Structure formats: C-alpha cells, structure tokens
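A, B, ... follow the sequence lines: proteins, then strands. Residue 1 opens every chain. Model, not experiment: these values are computed from the prediction.
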Number of protein chains: 2
Amino acid sequence: MAQRSGATAQPIRTAVTADEGIDFSIIELMYFAYRDFTSDPDQILAEYGFGRAHHRVLHFVNRLPGLTVAELLDVLKITKQSLARVLKQLIDAGYIVQVQGPRDRRQRELYPTPKGRTLTLALARPQSRRIHAALEGAGETERAWIERFLKAMVNPELRAQIDHLPGNTPGKDHGE
Amino acid sequence: MAQRSGATAQPIRTAVTADEGIDFSIIELMYFAYRDFTSDPDQILAEYGFGRAHHRVLHFVNRLPGLTVAELLDVLKITKQSLARVLKQLIDAGYIVQVQGPRDRRQRELYPTPKGRTLTLALARPQSRRIHAALEGAGETERAWIERFLKAMVNPELRAQIDHLPGNTPGKDHGE
DNA sequence: TAATTTATGTCAATAGTGCTGACATAAATT
DNA sequence: AATTTATGTCAGCACTATTGACATAAATTA
C-alpha cells in the first residue's frame, strides 16, 4: 500500500555502518561463520539422505546418551511433530535405538548404535578441524574468551543446559 | 537393511567427549549461539510476514547499496530462483527499489528505501544489543580475537568478500 | 549486421524443516 | 476410577532452498 501512492520511494545510496552504534561486522561474521561451519556436515549428510535436523538429533543423542524424547525436545526447542519424522528415520536406519525407561516405562531413552556413533564422529570431524584452524595462534586465554562470548550469546535461561553437557566447564558465566 | 538382520544393534551408553580430539563444546556453542542470535529478528520478521531470507537480502542491500542481483547472489551463495520470490516481495512491499544499471542497462542495482533502511536497523538492533552484552568485560584485544575467530571459520576464498563490507578492517587474516 | 553471451526474470516441481491442531495409546498419578 | 503424562501419528500449511527449462533485453563478438 505504502508505495502505491504515486511516486516511488527514493533509493538510499549510503551504506549502513556502525554509525547508529550497531555492530554490523559481528552480525555478518556470525552469519558467514555459521553458514560455512555447517556446510561440511551438510555435504556428508546429503550422501545419507539426511539433513541438518538429523545431525542435531544424532549429535545430542551421542552427547547425552539415554536422554528421553521430552528432554531432547527441550534441548532442541522444537515440537514433537518436527522431531518425529527425523527421529523415525534415524531409528529405522539403525543409527539410534530406543530403550524403554527403567523407572517410567512410558519414556523412551535414546541411545546411539555403533553406526550412529561412527556417523556422529564423521560429521563432527570436519567441524572440529575448522575450529582448530580458526583457533590457530590462540592460547587458552583467547579460547576461553571465545567460548565465553559464544555462551553469552545464548539466552540466559538456557546457559545452564549447556553446562550439563559433558566436558563443559560450568559456572564461568559473567555478568550476574 | 543393516539392523534388519536379526539382533538389534546394541545401544552405546557412553557419551562422546573430547576423547577423539573433537571439539564438541564449540560445535554446540556455535549451534546454540546462532539459534538464539537469530531468534530476535525472526520474531520481528514474522510480524511483517517475512522470513530469515528477507532479512539477509535487506541486510546486504543496506550494507552494499547499489549492488546488482548477481552480486547479491554471490554474497548469499544461493540460486537466483531462491532469491526471486523474496526479492520480489521486498520490492512489492516498498522496502527495496531497483535502479537500472548506468553502465550496463541489463543490471538492476538494488537500493533500500527509507522504509527498508528503518526495518534493517530495527532487525539489527536486538542482535547488536545481544553482541554488546556478550562482549561485556571484553576489551579491544578480546574483541579482535573473537572477530578473528569468526572470520577464520569462514571458507578462505570468501574472506576477502567480508573485507569489502563497510567498516571492516581488512587484512587481519592470520595464517599465511 | 548477425550471432552469441550475459543479466535478469519466471514457471514448475521437489526437498527439508519447521509449525499447529487433532487424536490415540499406554503407563503413571491422583 | 478418573486424570494426567509421555509418546506417537495423521493431516495440512509455511518458508527456504534446490534443479531444470524457457523468455527477454542488452551487451559483446564475429
């Protein structure tokens, strides 16, 4: 509607910069970095007929073996209907198995199979290589700053969740 | 086929850690950080009936006003068919205008309208706020390391492209 | 000038991932 | 016995991306 009233809106010919105090550089870097970071596993996944969603499920089932469907949904922040298709495919293809919960028999504990573990490692390997290359020249201090930055980008209420993953140094949250 | 042969594959009950030398912490942090980083603009975009693809187009048209369709495709690394719908919607709604190329009249230079500029800033604002909060306590040195890390995560052949964006300090590439 | 290439646009079909809403079952809880 | 919880499933829709094919206008080349 707005542009229909006669004259076309004028083109702005100046670039947005950091003028407004907005950090366009890091905004762009996040986009480019994440895009290329996911491109390596995406290529491998395509060979298996899988997508990025399968990768995420495989990843967290391998990181938190025995987690229930509800817990997985809580980590991924997606709906059970979204998970259903992807999880079913991974189970049918023998990458993940379900085990009836010992205490609560309604629950399905999710575990990787050897095949699932192997694929997870194959998907993580190029990502880890990229990270190592990007950390070249960085010491423990710099690495800690980078991890701290990434963690601080996460919504505060979800940071505790990250600490529950294996091999993560908890507590080093700044601010409060 | 693999799991159909009689016995079901055994569940692996141990978590993958950094054992294999793989950096699972940063892999996960990249996922969580990017997911939450994009959630703020996603909410705003939904009010306009737009998606993440519209955000990217708006962003780079504002950062590189006057870039051609071909140049935009090269930055985003998507196909022209993917861009078409999104760009058409942004033009029809008056966020972007096309100007015939002065040298080559086949080209369409893309510029934001005032409306497009305003929306771009509104989308960038919460992301920038999140970044500033995540950089709390970091000095110029730490910020430089973080930017260097993110840039080094990008495929080498595309890093030069980043330097052409306004307000980016070029050259500070490490390695070679 | 004529032929070709380039920049852009468009139509059609498909895939992957997410969503909402509705309904079903079994097991736990009240 | 009634209700709630954990999970699964069906159906439909939205967004973003893909490939392939074809069309037009303008630039370049022969």
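Side-chain contact, A:Gln127 with B:Asp23: no donor N or O sits under 3.5 Å from an acceptor N or O. For the residue pair A:Thr120/A:Asn62, the side-chain donor-acceptor check at 3.5 Å is satisfied. For the residue pair A:Thr68/A:Arg108, the side-chain donor-acceptor check at 3.5 Å is not satisfied.
At the phosphate of C:dT17, neither OP1 nor OP2 sits under 4.0 Å from any side-chain N or O atom of A:Ser82. When the side-chain nitrogen and oxygen atoms of B:Gln98 are compared with OP1 and OP2 of C:dG9, one or more of them lie within a distance under 4.0 Å. For D:dA17, one of the phosphate oxygens OP1 or OP2 lies less than 4.0 angstrom from a side-chain nitrogen or oxygen of B:Arg56. Between C:dC19 and A:Thr79, a contact under 4.0 Å exists linking OP1 or OP2 to a side-chain N or O. The phosphate of D:dA27 (OP1 or OP2) has a side-chain N or O of B:Arg105 nearer than 4.0 angstrom.
Ring centroids of A:Phe24 and B:His59 are separated by less than 6.0 Å, placing the two rings close together.
Residues B:Glu136 and B:His132 are not in side-chain contact: their nearest non-hydrogen atoms beyond the backbone lie 4.5 Å or more apart.
Residue contacts shown for A:Arg52 are limited to sugar-phosphate atoms, with no base heavy atom under 4.0 Å away.
Taking 3.5 Å as the limit, the base of C:dG21 and the side chain of A:Gln81 contain a donor-acceptor pair of atoms between them. Applying the 3.5 Å distance criterion, the base of C:dG9 shares no donor-acceptor pair with the side chain of B:Lys88.
The distance between atom CD of A:Gln107 and atom P of C:dT25, rounded to the nearest whole Å, is 21 Å. If you take CZ of B:Arg106 and P of C:dT5, they are 13 Å apart, rounded to a whole angstrom. Summarising the geometry, the separation between CG on A:Leu83 and C1' on C:dG16 is reported as 15 Å, rounded to the nearest angstrom. For the pair B:Arg85 CZ and C:dA13 C1', the interatomic distance rounds to 11 Å; values are reported in whole Å. Distance CD1 (B:Ile91) to C1' (C:dG9): 11 Å, rounded to an integer number of Å. Between A:Leu87 atom CG and D:dA6 atom P the separation is 17 Å, expressed in whole Å. Put simply, CD on A:Gln43 is 15 Å from C1' on D:dT18, counting in whole angstrom units. Put simply, CZ on A:Arg108 is 13 Å from C1' on D:dT9, counting in whole angstrom units.
Between A:Val86 and A:Arg103, the one whose closest nucleotide on DNA chain C sits nearer the 5' end is A:Val86. In terms of position along DNA chain C, the nucleotide closest to A:Gly49 lies nearer the 5' end than the nucleotide closest to the other residue of the pair A:Gly49 and A:Asp104.
Base pairing of C:dG18: its partner is D:dC13, meeting the Watson-Crick or G-U wobble criterion (both donor-acceptor distances under 3.5 Å). With a cut-off of 3.5 Å on both Watson-Crick or G-U wobble distances, the partner of D:dT4 is given as C:dA27.
Nearest nucleotide to the A:Lys80 side chain, out of D:dT9, D:dA21, D:dA17: D:dT9. In this structure, of D:dT18, C:dT17, D:dT9, it is C:dT17 that holds the atom nearest to the side chain of A:His54.
Considering A:Tyr31, A:Tyr34, A:Phe32 in turn, A:Tyr34 is the only one that fulfils the ring pair (Phe, Tyr, Trp, His ring centres under 6.0 Å) rule with B:Tyr34.
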